[in-house]
A.B. asks: 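Can you read through this structure? Questions will come right after.
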Amino acid sequence: MRSNCLLALVALVLALVACAADGRDVKVDGWQPVGDLSDPHLVEIAKFALSEFSKQSEPVQNKLVYYNMAKGETMVVSGVRYRLVIGATNETIPDPLFSLNYYEGVVLEKAWKHFRQLLSFAAIPKEGN
């Protein structure tokens with residue numbers, strides 16, 4: 001039991017150190033908003049979420065391409081979880097702006113292990129629907 005607690009503490013410290021090394025400010029108290037939605041690392045995480053979702057769904061219907069990010073939050077839990085609201089267009093529809101939709105994706109990243117996993121991904125209903 002004691003070794004499990006020590007192992008969990010070491011994992012938490014490693015996650016914080018990894019984020020500090022990347023220059024990100026990460027707090028350990030629930031979801032925290034991110035400061036810069038255009039941060040290249042956040043954009044990379046968002047594109048990863050889109051790519052993973054596209055791999056798991058019908059390729060013809062869901063070729064999602066990154067357009068922008070509307071919101072981002074992080075939480076430290078055995079790594080860093082990113083909850084992002086991602087604007088994406090469907091590559092299979094000729095008019096990209098007509099196909100612009102927003103999705104919420106949650107990605108777990110363990111930077112010290114070079115590990116990322118898509119935990120959830122869902123479309124956000126458009127207002128008025």
Side-chain angles (χ1 to χ4, degrees):
M1 175 72 174
R2 186 174 177 180
S3 63
N4 288 343
C5 291
L6 181 60
L7 194 57
L9 180 61
V10 168
L12 178 62
V13 168
L14 286 174
L16 291 172
V17 168
C19 290
D22 285 346
R24 294 178 299 220
D25 182 26
V26 178
K27 297 182 173 75
V28 189
D29 186 23
W31 290 104
Q32 301 294 323
V34 297
D36 181 9
L37 294 176
S38 63
D39 177 280
H41 186 75
L42 282 176
V43 172
E44 184 180 321
I45 296 289
K47 288 180 178 180
F48 170 81
L50 293 171
S51 172
E52 287 299 301
F53 175 73
S54 292
K55 287 178 191 175
Q56 297 170 10
S57 60
E58 292 293 322
V60 174
Q61 295 176 351
N62 292 306
K63 279 194 163 182
L64 299 178
V65 178
Y66 179 85
Y67 183 77
N68 68 358
M69 197 169 340
K71 182 179 179 183
E73 299 174 304
T74 60
M75 177 172 47
V76 176
V77 179
S78 73
V80 180
R81 288 188 187 199
Y82 295 87
R83 182 166 59 189
L84 307 173
V85 175
I86 307 162
T89 59
N90 190 325
E91 191 177 74
T92 61
I93 297 176
D95 183 359
L97 291 181
F98 180 73
S99 70
L100 178 62
N101 289 301
Y102 285 88
Y103 303 86
E104 181 179 272
V106 178
V107 174
L108 171 64
E109 179 181 49
K110 297 180 182 183
W112 68 96
K113 288 186 171 184
H114 305 285
F115 171 84
R116 288 184 184 151
Q117 179 183 9
L118 181 63
L119 300 177
S120 67
F121 193 90
I124 297 173
K126 292 184 178 182
E127 292 181 20
N129 288 345

A.B. asks: Taking atom CD1 of I45 and atom CZ of R81, what is their separation to the nearest 0.5 Å?
C.D. replies: 13.5 Å
A.B. asks: What distance do F48 atom CZ and I86 atom CD1 have between them, rounded to the nearest 0.5 Å?
C.D. replies: 11.0 Å
A.B. asks: Does a donor on one side chain and an acceptor on the other come within less than 3.5 Å for Y102 and N68?
C.D. replies: yes
A.B. asks: Decide side-chain contact (heavy atoms from CB on, under 4.5 Å) for D39 and V34; before the verdict, give the C-alpha distance in whole Å, the side-chain angles of both, and the deciding distance to 0.1 Å.
C.D. replies: CA-CA 9 Å; D39 177 280; V34 297; over 6 Å; no
A.B. asks: For side-chain contact (heavy atoms from CB on, under 4.5 Å), just list the numbers for E44 and E109, CA-CA rounded to whole Å, side-chain angles, deciding distance to a tenth of an Å, and then say yes or no.
C.D. replies: CA-CA 12 Å; E44 184 180 321; E109 179 181 49; 5.7 Å; no
A.B. asks: Mind checking the CD-NZ spacing from E52 to K47? Nearest 0.5 Å is all I need.
C.D. replies: 15.0 Å
A.B. asks: So, taking the atom named CG in L50 and the one named CZ in F121, what distance separates them when rounded to the nearest 0.5 Å?
C.D. replies: 5.0 Å
A.B. asks: Any side-chain heavy-atom pair from Y82 and R116 closer than 4.5 angstrom?
C.D. replies: no
A.B. asks: Measuring from L64:CG to L100:CG, what's the distance to the nearest 0.5 Å?
C.D. replies: 10.5 Å
A.B. asks: Classify the angle between the aromatic ring planes of F53 and Y103 as parallel (below 30°), tilted (30 to 60°) or perpendicular (above 60°).
C.D. replies: tilted
A.B. asks: Is the shortest heavy-atom distance from the side chain of W31 to the side chain of R83 under 4.5 Å?
C.D. replies: yes
A.B. asks: Applying side-chain contact (heavy atoms from CB on, under 4.5 Å) to L84 and L42, what does each step give before you reach the verdict?
C.D. replies: CA-CA 9 Å; L84 307 173; L42 282 176; 4.1 Å; yes
A.B. asks: Atom OG of S51 and atom NZ of K63: how far apart are they, to the nearest 0.5 Å?
C.D. replies: 11.5 Å
